[in-house]
Q: 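Can you read through this structure? Questions will come right after.
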Amino acid sequence: ETGVTQTPRHLVMGMTNKKSLKCEQHLGHNAMYWYKQSAKKPLELMFVYSLEERVENNSVPSRFSPECPNSSHLFLHLHTLQPEDSALYLCASSHTGQGSYEQYFGPGTRLTVT
Amino acid sequence: KQEVTQIPAALSVPEGENLVLNCSFTDSAIYNLQWFRQDPGKGLTSLLLIQSSQREQTSGRLNASLDKSSGRSTLYIAASQPGDSATYLCAVLSNSGYALNFGKGTSLLVTP
């Protein structure tokens, strides 16, 4: 088990639902990330928070809304999603946002949008 | 934009073989390069991290090399075992941003 946990591990939601993904890191890091992994595509960055400030938003649609209340917790609020948003959503953390710091990943949330 | 390519996309070998996975990247201005392992439906496990100033890193049966000037890295797995079966991902952290840029991975199957 890694020092990064994610809940829920699996989520099925309708297109009109609102749900949230949660990530928690126990490694003392101060940067946290959301990545999306779709079938047949490389992992792609969605958001980066460094010292609780959003420092990167990789052209993500507004139906995805991140929240970082403190350096240990990261949320991804979901609203009015599309079936093509079905994917594995991975959270990661590291020491500060840049530099030669290793990123540690959680187990992911498998999201299915019906 | 950094592009990361992994070859081969899939590989099947008998147990006990030594094997090499390849990774190439287009922009040599990187902070580091990480190799990850991903089991089906699971998250990523970091295997090795090579800083931009380093040439290689070793952990057990794994050895990763980095040639930044040519934009290449290799992951060498010695004496492969069925438990090594997984997808192996290469990712580079560029100087220009926070994000790791990933390749599509190499799917490895080691048969008993």
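So you know, we letter chains A, B, ... as the sequences are listed, proteins then strands, and number each from 1.
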Q: With a 4.5 angstrom heavy-atom cut-off, which part of Q38(B) approaches chain A: side chain, backbone, both or neither?
A: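 It is the side chain, since no backbone atom gets that close.
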
Q: If hydrophobic clusters are built by linking Ile, Leu, Val, Met, Phe, Trp and Tyr wherever their side-chain heavy atoms come under 4.5 Å apart, do L33(B) and Y88(B) end up in the same one?
A: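 Looking at the clustering, Y88(B) is in the same group as L33(B).
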
Q: Measure the spacing between OH of Y104(A) and CD of Q34(B) and express it to the nearest 0.5 Å.
A: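 Answer for the OH-CD pair, Y104(A) versus Q34(B), is 8.0 Å.
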
Q: How about L44(B) and Y35(A): do any of their side-chain heavy atoms sit closer than 4.5 Å?
A: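 Answer no - side chains too far apart.
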
Q: Does V55(A) belong to the same Ile/Leu/Val/Met/Phe/Trp/Tyr cluster as Y33(A), with side-chain heavy atoms less than 4.5 Å apart forming each link?
A: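 Yes, V55(A) and Y33(A) fall within the same hydrophobic cluster.
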
Q: Give, as side chain, backbone, both or neither, the part of I30(B) having an atom under 4.5 angstrom from any heavy atom of chain A.
A: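 Contact with chain A is absent: no heavy atom of I30(B) under 4.5 Å.
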
Q: In the single-linkage hydrophobic clustering (I, L, V, M, F, W, Y; side-chain heavy atoms under 4.5 Å), do L21(B) and L62(B) co-cluster?
A: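 Yes, one cluster joins them.
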
Q: Please report the interatomic distance CD(E102(A)) to CD(Q51(B)), rounded to the nearest 0.5 Å.
A: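 E102(A) atom CD to Q51(B) atom CD measures 9.0 Å (nearest 0.5 Å).
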
Q: For E44(A), is it the side chain, the backbone, both or neither that has a heavy atom under 4.5 Å from a heavy atom of chain B?
A: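 Interface part for E44(A): neither.
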
Q: Is the number of heavy atoms from other residues, nucleotides or ligands within 6.0 Å of CZ (R55(B)) greater than 12?
A: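 No, because the 6.0 Å sphere around CZ of R55(B) holds 12 heavy atoms or fewer from other groups.
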
Q: Looking at E53(A), I'd like to know if its CD atom is crowded, meaning that more than 12 non-hydrogen atoms belonging to other residues, nucleotides or ligands lie closer than 6.0 Å.
A: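 For E53(A), atom CD is not crowded (no more than 12 foreign heavy atoms under 6.0 Å).
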
Q: If two hydrophobic side chains count as joined below 4.5 Å and joins carry through other members, does V20(B) share a cluster with L89(B)?
A: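 In one cluster with V20(B): L89(B), no.
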
Q: With a 4.5 Å cut-off on heavy-atom pairs, point out which of L43(A), L45(A), L88(A) contacts chain B the most.
A: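 Among the listed options, the one with the most contacts to chain B is L43(A).
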
Q: Find out if a path of hydrophobic residues (ILVMFWY) with successive side-chain heavy-atom gaps under 4.5 Å connects M46(A) to L11(A).
A: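 Same cluster: M46(A) reaches L11(A) through Ile, Leu, Val, Met, Phe, Trp or Tyr contacts under 4.5 Å.
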
Q: With heavy-atom distances below 4.5 Å as the criterion, would you say the side chains of K104(B) and P42(A) are in contact?
A: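 Side chain of K104(B) against side chain of P42(A), heavy atoms only: contact under 4.5 Å found.
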
Q: Compute whether any side-chain donor of one residue and acceptor of the other, for Q103(A) and S46(B), lie under 3.5 angstrom apart.
A: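 No, no side-chain donor-acceptor pair sits under 3.5 Å.
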
